[in-house]
Amino acid sequence: MISEENRLPLSFYEAYDTRTLAQKLLGCELVHNSPEGLTSGIIVETEAYLQDDPACHAYRKRTARTEPMYSAAGTIYVYLIYGMYQCVNIVSREDGCAEAVLIRALQPTEGIELMEMRRRFSRKNLLPGFVPKPVALRELCKGPGKLVQAMGIDRSIHNAQSLDTSSLYIRPQILGHFEIEISKRIGITQGADLLYRYTVKNNRFVSK
DNA sequence: TGTACGATGACCT
DNA sequence: GGTCATCGTACAT
């Protein structure tokens, strides 16, 4: 089967406030058409980051790192975390308003072998004697750092690009009927009680 | 110069 | 299941 591009237009990202967009993105397909091959997965877990939210990178000061967050809806924001992993966000709202949706987990669809290879060999596999082990399907994109590795997303390539023109883009909703579960965001202390996390209920590819 | 923040894998139980 | 090690970024001192 040949998969068509079927890229969502920027009007999709402009149409909703950030928390609504985070929910509308569930069931959509994140696609990376990379030189090594095409990989994709259904978005099953997102988190919203708002301007008046202490967990948001743009909560305090406008810096070089967070500059893409201030761009138009549909801009890609990739940041480095723990000095070793990266997380991918979809910028929402209008120019000058720094809000975004963090993509936290995918249900793999296309290019599963390529995703498995990327995950297996992007580990600390340069140490002598380290033998990379196969990565289970369920583990491929189960977490924001993991899905970025599996999809071959890279800050130096994708950060500040537009989903309208990048090799990374999103296809419309393809998941069958599902319920959205709302919960607290994972792994943060600032704004920890805000219910800005959205998951596909009972989906086994959700991170937790 | 120091410190808070935060995702993952290795290792252990 | 839990504990530990890893380090770029932002910001206070």
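Just so you know, these numbers come straight off a predicted model, no measurement behind them. Proteins come first, then strands; the chains are lettered A, B, ... in the order of their sequence lines, and each starts at number 1.
Taking atom NZ of A:K133 as the reference point, atom C1' of B:dA10 lies 9 Å away to the nearest angstrom. Following rounding to the nearest Å, A:Y49 (OH) and B:dC5 (P) show an atom-to-atom distance of 14 Å. Distance A:L102 CG to B:dA7 P: 8 Å, rounded to the nearest Å. Rounded to an integer number of Å, the gap from A:Y85 OH to B:dC5 C1' is 16 Å. Rounding to whole angstrom units, CE of residue A:M84 and P of C:dG8 are separated by 10 Å. What separates NZ of A:K146 from C1' of B:dA10 is a distance of 13 Å, to the nearest Å. Computed from coordinates, the A:L140 CG to B:dA7 P distance equals 20 Å when rounded to whole Å. Rounded to an integer number of Å, the gap from CD1 of A:I81 to P of B:dG9 is 14 Å.
Residues A:R171 and A:E110 are paired through a salt bridge, judged by an N-O separation under 4.0 Å between the basic side chain and the carboxylate.
A distance-only check finds a donor-acceptor pair linking the side chain of A:R119 to the backbone of A:E139 [under 3.5 Å].
Here side chain to side chain donor-acceptor pair (under 3.5 Å) pairs that include residues 68-77 of chain A, with residues two or more places apart or in two chains, are A:H57-A:Y77.
Under 3.5 Å, the side chains of A:S167 and A:H32 contain a donor-acceptor pair of N or O atoms. A side-chain N or O of A:S40 and one of A:E29 form a donor-acceptor pair less than 3.5 Å apart.
For the segment residues 188-208 of chain A, the set of residues with a heavy atom within less than 4.0 Å of an atom of DNA chain C is empty.
Judged by centroid separation below 5.5 Å and plane tilt below 30°, A:Y82 stacks onto the base of B:dG6.
OP1 or OP2 of B:dG9 has at least one side-chain nitrogen or oxygen of A:R119 nearer than 4.0 Å.
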N/O-N/O pairs, protein side and nucleotides 9-13 of chain C side, under 3.5 Å:
unit_1, atom_1, unit_2, atom_2, d
C:dT9, OP1, A:R155, NH1, 3.2
C:dT9, O3', A:R65, NE, 3.0
C:dA10, OP1, A:T63, OG1, 2.7
C:dA10, OP1, A:R65, NE, 3.0

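When hydrophobic clusters are built by joining Ile, Leu, Val, Met, Phe, Trp and Tyr residues whose side-chain heavy atoms come closer than 4.5 Å, directly or via intermediates, A:L114 is not grouped with A:I42.
Of all heavy-atom pairs spanning A:D95 and A:A72, the tightest one is OD1-N, 3.9 Å.
The neighbour count for A:R138 CZ, taken as heavy atoms of other residues, nucleotides or ligands under 6.0 Å away, does not exceed 12.
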### Message
Between A:I76 and A:S166, is the side chain to side chain contact (heavy atoms under 4.5 Å, CB included) condition met? List the steps.
### Response
CA-CA 9 Å; A:I76 300 162; A:S166 178; 3.7 Å; yes

